[in-house]
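Working notes for the structure below.
For this chain, numbers begin at 1 and follow the sequence in order. Whatever order the structure lists ligands and atoms in, that order sets their numbers, starting from 1. Side-chain atoms are counted along with the backbone in the values below, which use heavy atoms only and exclude waters and symmetry mates.
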Amino acid sequence: MSEQTSFKTLRDTPISEYLTPGSPLCGGCGGEIIVKLALKALGPKTILVSVPGCLALFELYPYTSLKTPMLFAPFPAGPAAAQGIVDGIEALVSKGRVSNPGVKVLLLTGDGAAYDIGLQATSAAIHRGLDFYYLCYDNEAYGNTGFQFSGSTPLAASTSTTPAGSGLRKKDLFEIWRAHNPPYVATVAASRPVDLLRKFEKAQRFRGPKLFIALGVCPTGWGSDPALTVRLDKLAVETGIFPLKEAVYGRVRHTYIPRSRKPVEEYLRHQRRFEHLFKPVRRDDLIRQIQEDVDRYWENVRE
Ligand code: SF4
């Protein structure tokens, strides 16, 4: 990005922490890194809304890992709960009870809520221009309930309900959201923290829905080594499987283009959910399909 930003290098990362050390999330959970960074960019006046999903574990009454308030809502009701908070703050301002609150409302969801159960409510919230931030931590399955297939599960990935590998491709949530023409949509990755911070900073210029899809490396569900979370995240970006991009009022720009993409195999072979592609018999047909999908995507990127 050549735009003005407070985040030029990793050294510019704010030192303030809004997550306490330790949490009930699994060791090596990529989602924790994402939320940690997002809160650093958004600052202390952030109110979280959470729906069922792994990140709801940040608050397990009477314990909390958060230094910010969080409201827990039913699965499809996250956007409605965010609307209630936004409206409540506006009511307080209009009555003169508070002035210039500068509060940001951040809805945290997993892919189960974002791609499936809460999609209708999200669509309605974008449509009515709700002024909120929406962060989908996408671990490509229902991670909190036993790693069942979701609308985000990628082709050939094994889940508890697709043990032989999914036969479907994941939905393109970025494009679904972009079709609503919100002010800002972006993808973010834990291995690219400066890109993430810049995007959350940039989003603050806009009033209305600001939506983020974060790759959610999930050692427990993916069967990956918790120590390799950031490396795996980086491989997703470098193989081109997870494109880093943003769309401002629908106009897409890739914020990182991997010039010499690594083969997708380098990403797949570190995960037990894709183990059946390599043994007992190597499934070149499926590996090729996944590679071709990625190649086709990048052939259409003109920047
Ligand atoms: S199941 Fe996966 S996404 Fe959920 S807390 Fe554990 S590592 Fe994170």
Geometric cation-pi criterion, Lys199 with Phe212: 6.0 Å, 45°: no
Within 45° cone of Tyr133 ring axis and under 6.0 Å: Lys210 NZ or CZ: yes
Glu265/Arg282 ion pair, N-O < 4.0 Å: yes
Sub-4.0 Å heavy-atom contact, Tyr137 with ligand 1: yes
Sum of protein N, O or S atoms, each under 2.8 Å from atom 8 (Fe) of ligand 1: 1
Side-chain donor-acceptor pair present, Lys104, Thr46, cut-off under 3.5 Å: no
Single hit among Asp138, Asp116, Ile213 for side chain to side chain contact (heavy atoms under 4.5 Å, CB included) with Asp111: Asp138
Side-chain donor-acceptor pair present, Glu201, Ser6, cut-off under 3.5 Å: yes
